[in-house]
Every structure is written in C-alpha cells, then in structure tokens.
There are 4 protein chains.
Amino acid sequence: MPVSTSKRDHIIHSALTLFAERGFDATTIPMIAKDANVGAGTIYRYFENKEVLVNTLFQHYVALFTDTLEKDYPQERSIREQFHHLFQGMVRFTNEQEHALYFIKTHNAAYFLDETSRESFERLLMILHNFIDEGKKKKQIRDLPSKALIAIIFGGFLELFQRIRAGEIEESGELLTGVEESCWDAVRHH
Amino acid sequence: MPVSTSKRDHIIHSALTLFAERGFDATTIPMIAKDANVGAGTIYRYFENKEVLVNTLFQHYVALFTDTLEKDYPQERSIREQFHHLFQGMVRFTNEQEHALYFIKTHNAAYFLDETSRESFERLLMILHNFIDEGKKKKQIRDLPSKALIAIIFGGFLELFQRIRAGEIEESGELLTGVEESCWDAVRHH
Amino acid sequence: MPVSTSKRDHIIHSALTLFAERGFDATTIPMIAKDANVGAGTIYRYFENKEVLVNTLFQHYVALFTDTLEKDYPQERSIREQFHHLFQGMVRFTNEQEHALYFIKTHNAAYFLDETSRESFERLLMILHNFIDEGKKKKQIRDLPSKALIAIIFGGFLELFQRIRAGEIEESGELLTGVEESCWDAVRHH
Amino acid sequence: MPVSTSKRDHIIHSALTLFAERGFDATTIPMIAKDANVGAGTIYRYFENKEVLVNTLFQHYVALFTDTLEKDYPQERSIREQFHHLFQGMVRFTNEQEHALYFIKTHNAAYFLDETSRESFERLLMILHNFIDEGKKKKQIRDLPSKALIAIIFGGFLELFQRIRAGEIEESGELLTGVEESCWDAVRHH
DNA sequence: AATGAATGAGAATTCATTCAT
DNA sequence: CATGAATGAATTCTCATTCAT
C-alpha cells in the first residue's frame, strides 16, 4: 500500500469492492471502515452520509469508464474500428478497475442514485448511442432500436465479465477476440 | 383452493414484486405483509425467515423458468429451431411472470442464496449449456467457451427485457424477431 | 401500576419526568425506555421520533394547564378574584402534574419546538394576557407592558415552585396565601 | 494581553453565547471552536473537558454577577435603597454581559454542575438572602420564607429579561422604574 | 502552543422476529 | 390459524476527545 494513498482513497476502494460484492444495502459502514482500515467516523469526514458515498463512487467510476471509452475515439475510422475501440475500452477498464464495472452494472438503476448519478450514466450510454446511430445511418448496424442494441451488447458483455471475474471463464486474448466478433455479429447489419 | 394457500400465494407474489423493484435488502417484511394484505407474523407461518423466503422464491421461479424452457423442447429439430424455442420461452416467461426474470437476474449471485438455490440456477444454465454444446458439436455454434456464449445471450436478453419493462423500449413482434436474429448471430457459427 | 395504564402513558410519564429533570438533549431514548419499562423500539411505535415525542408532550401538558386555568374562570367576578382563580389553578396544576410545569418552563423557548407547540404556548399566555389587559382597563393592574407583568408573575411563580419541588421550601396553605398576596401586589395598581 | 489569554477569552465568550442560546447539551465543541476562531483541540489546552468548561464558565459569570451586586453595596442605607442597588446591579450586569444571566438562569440546576459551581451559586443567593433577612428583621420585608421571596423576585426578573433579550419587550428607563417598583411591592411589608 | 484529522463510544432509529391474544 | 404490538440487535450517524504534525 503506497504511502501516497490517502484515507479517502482507501475508503473509496473498500466501498467499491464491498458494494460490488454484496450490494449497497448489504454493506454496512463498519464493514467499509474495517476493510479500509479507518475508524467508522472517518468515513463521515469525507462523505456526508452513505448515500453521498455511493453516489460519489458511482459518478467517479462512470466518469472513469466514460473517459476510457472516449479517449482516442477513432471518430474518423470505420464503424468496425469504432466498435473495436469501444470493446477494447471495456476490456481495459474491466482489467484496470476490477470491481467498477460490476458495481456500475448492479447499481445503475438503484433507488438511491441522485439526479447527477443518473445523468452521468446517461452520458455513458450516449457514447454507445452515438456509435449505434452513426452505424445505422451507414447501414452497417442492424435496424433495431438503439436502446435494444445497447442492451444486448452491454448486457452481454457485463454478464460475460462477471463470469470471468468469478473465475468461471478464463480470460485470454483468443477469448476476447472471439467475444468481440460475437458481439459485433449481434449488432452489425447482415 | 384453500384459504391458506391463497395467503401463501399473495405473500410470494408481493415478495417477488418488491424484491424485483427494490432488492432483497431494501425490502422489509412489513412492506411485503402490507402489500400481501396479511399480518407480518403470518409470513412466518409460511416461511421460517426472510432468507428462507427469498430462497424459496428464487427456487420457485427458477424452476418455473426451467419448466418453460424444457416444455416441448424440440430435441430432434435443428439447432436454429432449438434456439427459437429457447428464445420464445424466455419471451413467454417474461410476459407471464412480469417480475420473475428480473428478480432472477438481480439476485442470482446474491450472498444469501443457499446451496439449493445455486444448484437450481445451475440447472437452468445447464439447459443453455446443453444446447450450446450440441450446436458446437454440429459446427453450428461458434467455437467459444459455452459459458461465454451463455453469458452473452443471457446477459443481453435480460438487459433488454429490463429496458422493456422500464418502458424505455416498446415490445413488438417485429422487435422480438429482430432481437432473436441478433442473438442468434451472436452465437451461430460463421 | 394500574392495568389500564397503557404503554403510551408510561412513555409519556417517563419522558416528562426525565425531560424535566435533565432536559431534552440530555435525555436518551434508552433512558426513557428503561424508566417506562418498555423496549426502546416501542417508543417509536407511538412517536415518530424524539422531537415528535417532546412536542406531543409539550402540547399535551400546555393544553392540560390551559384547561386548568380556563375551567370555571370567573369572568364576571372582580379582577382580584380572577387573579385568585389563576393562582389557584397554577397551584393545583403543579400539585397534580408534578413535573409538567417545570418541563414547560424549561422547554418553552427550545429550538426543537414546532409551530403547533409554540402556538399552544401562546394560547396559554393569552389567558394571562387577557386577564392583565382587562385589569389594566379597570385601573386595577399596573400600567406596565402586559408581557412584562406576565413575565414577572409567571417567572416568579415558576421559580418558586421549582424550589418547592426541590424541597428547599415547604409548601403550606399559609405560604401559598402569602405568595399569592405577594404576586398580586407585584401587579396590582397602587 | 498575551495571545493565549485572548484565545481563552474568545473560547469563554463563544461558549457562553452558545450555551445560552442552545443549551449545554445542544452545543458541540466544534461549534464553540468555530465561533471562537480556534481549533477544536485548542479548547482542550485551556479546559480539561466540556464539563470543566461549563463549570468554569458558570463559576466565572456567577462570580462576576456576585461582584456586581456586592460592589458599593449600601449596607448602611435603607432597605429600599439596598433593593434599588440590587435591582440596578441586575440591570447593569444584564447589559454588560448580554448572555451571562440567561446562561446562569438556564443552567443553575443542571446535572453537570459540580460542587464548586453549586456553592458559587449559593453564595450569589446568599446576598439576596442577607438582604431579605435584614429587611424582615426591620419589618420592611414581608414575613414569608426568604427563599420564597428570592424565588419570586429572581425568577420574575430573569423571565422579564429573557423576554427583553428576545425582543418581545422594549427596554426603557420608564419600564425599569416600573418593574423595580413592581418587584419591590412583591417583597415589601404592607 | 495550536491545530484539525482521526477515532470509537454512544446516540437515534429501523426492522426481523416473537408471542400473547 | 392469523395477527400486530413489542422487542432488542444492528444500523447509521454524531461528537467529545486525542495526538501527530
């Protein structure tokens, strides 16, 4: 554990892990405190309350994910290349932030998310939306509702990585290439 | 139908709805009791405690879903027809048991599920597994780990129906045909 | 302890005593629960939270006190007789509700009182106000601001009874007659 | 004046104001620190803990009040003149130490006061006691228990000044003259 | 000396569960 | 059987106090 890692970072990291593993409601403040090696009261020095904590966390990781997808986005390249970029971004994000994507997956419709959190998630979906829409305009993506296509690839991808994380499937370059092809076939125009 | 069975059914139905809408931990016994129009104590006549309730529920609906998929399974028909049967089963189940599939989706990895529940879920996945394996043997399904393919179509499908249920996407025959084709393209051998 | 005394009554009685003895902020819910011989959670079946409890209590006892003062009020008799009625009412209320008047005294300006509580206290003061105003009109009460006169006799009276309650002064008919005369001399026109 | 004394004074002043406005239990150490413009830890350099702080404060202001009443006490003059001196002292003290008298009023029976604080308060009352006793001996004060008479004028006076401080009554020379006359009439022999 | 971040004991409140009716 | 009042363990959150800087 590097010296520079602040208590706030420890708290965020522990909260992310526990929320991903047990869910918001089943995670108690003492659990987070113990895992982060801080006093329970310390958490309240950094976050007004548990809901603020989960919203801060959600927005933080959604923004990180959004950044990952937007970074070096090949706007001028082919749809297929854009798809590859997005897929690679998901893979990279999952590997860099072990629990973040699963946390986002399991909490994006939760009752305790505030307006800002919902908006940040919308912005994330917007990236996929724009990609889908452009692909449909170019007749390279199926003519199905964009939200349906997003649901299929996003849902499929998240489920897959949950299984990988759970150790049920072994991650490999070959697997990822195959899965990317599979997802692409799900959305591309035939 | 004896009165007592009816009460039990009310409890199961209310619990399913609330667990699907709010999640297990955010749903209280008094909430379920009120929705089911019974006294809180009555729930304990039918279920030993809240965990037994959620496990019973989980096993019940997973079994129902399993039955739906297995009923009239066209073992002797083509892989594509088998896929159609499974897809239709998912659609039918979703329409018949409004909250059941979403409940299963959001709770299948929960910390409070017991061995029996996990096994029942495994049996459900086994149906998909067998289908995938047979398809792979016949070179009609992609050569990817079965679990990966299951994750992709199951995850994608569940996410899609969650969006439909949320009113974000309108269900129609056309949509379903398109989505089925999309999912099939994701898994079929190219 | 009579069988008819409900748990709610026990809670009210214990809360009144403790609030009067220690003040609202220094009284904990477990203290009240223990004194009332109920579980801490039971208090929340009857009162939404601690603030609702103290406001309910305040309004209840202010209303009781108001009733005591208004009952058989000799509107048609002399100002002196009206004063006697009010004084007797205070004495009677103090004796019947050991801690109520002291609780009212120490909490009537508290930050946690809601609008209704403040209004109920205003209505109580209004009785004294009306008496003072009529007396001033008849030139039988000093020409000082009514609020000042109320403060003097109310403040003086409450302080006196606090000392009696504390056992520092012994209550007797003679004492009360003397004190009444003293208070009357403080407000009557000379 | 050394800097440290100044800090201590700031703390005392802020604590007095807050204790008077919100009460001891509803006032937190960080609140006092913020109001006094010092760090929370600094308070503990001057006062061992919160109870020591409030007791120090109490004794300090009771002593100040006592001094005000004793200063130039006209022992050789008439009872009426002695009464005037005391009354004037109360008025002066109230004007000089805005919150002190109210703080004393609301905290003099508190559960957290130590022996020394109680004794200092007793000494304050002793001044009034001696006055009353001498007046009774000279047949110029009513023949009522001294404690009762003290309660009446002290209680009445404090209540009055609380109302003035709250802005409900406007202070004026005329008012004070009238009130003094009223209080005197309450205690003098008739 | 001064600070304020950190702490954990203790407060208010919730809720699964029990049990007398 | 059915109920819901009652409970207390567990949860969120606060704040007096400590201590490294």
Side-chain angles (χ1 to χ4, degrees), chain A residues 6-8 10-11 25-34 36-53, chain B residues 2-4 7-8 11 24-34 36-54, chain C residues 6-8 10-11 24-34 36-53, chain D residues 2-5 7-8 11 24-34 36-54:
Chain A
S6 73
K7 286 197 187 280
R8 189 173 188 277
H10 280 299
I11 293 165
D25 288 297
T27 302
T28 70
I29 294 289
M31 275 180 201
I32 299 171
K34 196 182 172 194
N37 251 298
V38 300
T42 304
I43 293 176
Y44 290 88
R45 290 196 53 71
Y46 294 100
F47 304 95
E48 211 180 313
N49 56 48
K50 204 183 165 191
E51 296 219 345
V52 166
L53 170 59
Chain B
V3 173
S4 62
K7 276 195 195 294
R8 191 176 188 276
I11 293 165
F24 175 74
D25 289 296
T27 302
T28 69
I29 294 288
M31 272 180 202
I32 299 171
K34 197 184 171 193
N37 252 301
V38 301
T42 305
I43 292 177
Y44 287 84
R45 305 213 126 266
Y46 295 98
F47 305 94
E48 207 180 319
N49 58 45
K50 202 183 168 191
E51 296 220 344
V52 167
L53 169 60
V54 76
Chain C
S6 72
K7 287 197 185 282
R8 189 174 189 277
H10 281 298
I11 294 166
F24 174 75
D25 288 297
T27 302
T28 70
I29 294 288
M31 276 179 200
I32 299 171
K34 196 182 172 191
N37 251 300
V38 301
T42 304
I43 293 176
Y44 289 87
R45 291 196 53 70
Y46 293 100
F47 305 95
E48 210 179 316
N49 55 47
K50 204 183 163 190
E51 296 218 346
V52 166
L53 170 60
Chain D
V3 173
S4 63
T5 304
K7 277 197 194 292
R8 190 175 189 277
I11 293 165
F24 174 75
D25 289 296
T27 302
T28 69
I29 294 287
M31 272 180 203
I32 299 171
K34 197 185 171 192
N37 252 302
V38 301
T42 306
I43 293 177
Y44 288 84
R45 304 213 127 267
Y46 295 99
F47 306 94
E48 206 180 319
N49 57 45
K50 202 183 168 190
E51 296 219 345
V52 167
L53 169 59
V54 75

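Every heavy atom of this structure was used, including side-chain atoms; hydrogens, water molecules and symmetry mates were not. Chain letters run A, B, ... following the sequence lines, proteins first, then strands; residues in each count from 1.
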Quiz item: cation-pi between C/K7 and C/Y46, 6.0 Å / 45° |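 The answer is no, since C/K7 fails at least one limit relative to C/Y46.
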Could you pick out which residue, A/T42 or B/G41, lies toward the 5' side of DNA chain F when each is mapped onto its nearest nucleotide?
->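 Result: B/G41.
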With a 4.0 Å cut-off on heavy atoms, is B/I29 in touch with a base, just the backbone sugar-phosphate, or nothing at all?
->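 Since a base atom lies under 4.0 Å of B/I29, the category is base.
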Which part of the nucleic acid, if any, lies within reach of C/Y46 when heavy atoms closer than 4.0 Å are counted: base, sugar-phosphate only, or nothing?
->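 Sugar-phosphate, backbone atoms only, no base.
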Atom [atom1] of [X] and atom [atom2] of [N]: how far apart are they, to the nearest Å?
X	N	atom1	atom2	value
C/R8	F/dA5	CZ	P	14 Å
C/N49	E/dA11	CG	C1'	14 Å
D/E48	F/dT18	CD	C1'	13 Å
D/M31	F/dA16	CE	P	8 Å
B/Y44	F/dC1	OH	C1'	18 Å
D/I11	E/dT3	CD1	P	9 Å
A/E51	F/dT11	CD	C1'	14 Å
A/D25	F/dA10	CG	C1'	14 Å

Kindly determine whether D/F47 and D/V54 satisfy side-chain contact (heavy atoms from CB on, under 4.5 Å), including the steps that lead there.
-> CA-CA 9 Å; D/F47 306 94; D/V54 75; over 6 Å; no
On DNA chain E, nearest-nucleotide positions of D/V38 versus C/K50: which is more 5'?
-> D/V38
With respect to the phosphate group of E/dG8, does any side-chain polar atom (N or O) of A/K34 fall under 4.0 Å of OP1 or OP2?
-> no
Are any of A/T28's side-chain N or O atoms less than 4.0 Å away from OP1 or OP2 of F/dT11?
->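 So the side-chain polar atoms of A/T28 never come under 4.0 Å of the phosphate oxygens OP1 or OP2 of F/dT11.
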Decide yes or no on side-chain contact (heavy atoms from CB on, under 4.5 Å) for C/L53 and C/I32, but give the supporting numbers first.
-> CA-CA 11 Å; C/L53 170 60; C/I32 299 171; 4.0 Å; yes
So does B/R45 reach the base of F/dA2 with its side chain, donor to acceptor, closer than 3.5 Å?
-> yes
Below 4.5 Å, heavy atoms only, C-beta onward: do C/Y44 and C/I29 meet side chain to side chain?
-> yes
For residues B/D25 and A/A26, report the shortest heavy-atom separation together with the two atoms involved.
-> OD2-CB, 3.3 Å
Would you mind telling me which of E/dT7, F/dT7, F/dC13 lies closest to the side-chain atoms of A/K7?
-> E/dT7
Using both distances under 3.5 Å as the test, list the Watson-Crick or G-U wobble partner of F/dT21, or none.
->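 E/dA2 - that is the nucleotide pairing with F/dT21, both distances being under 3.5 Å.
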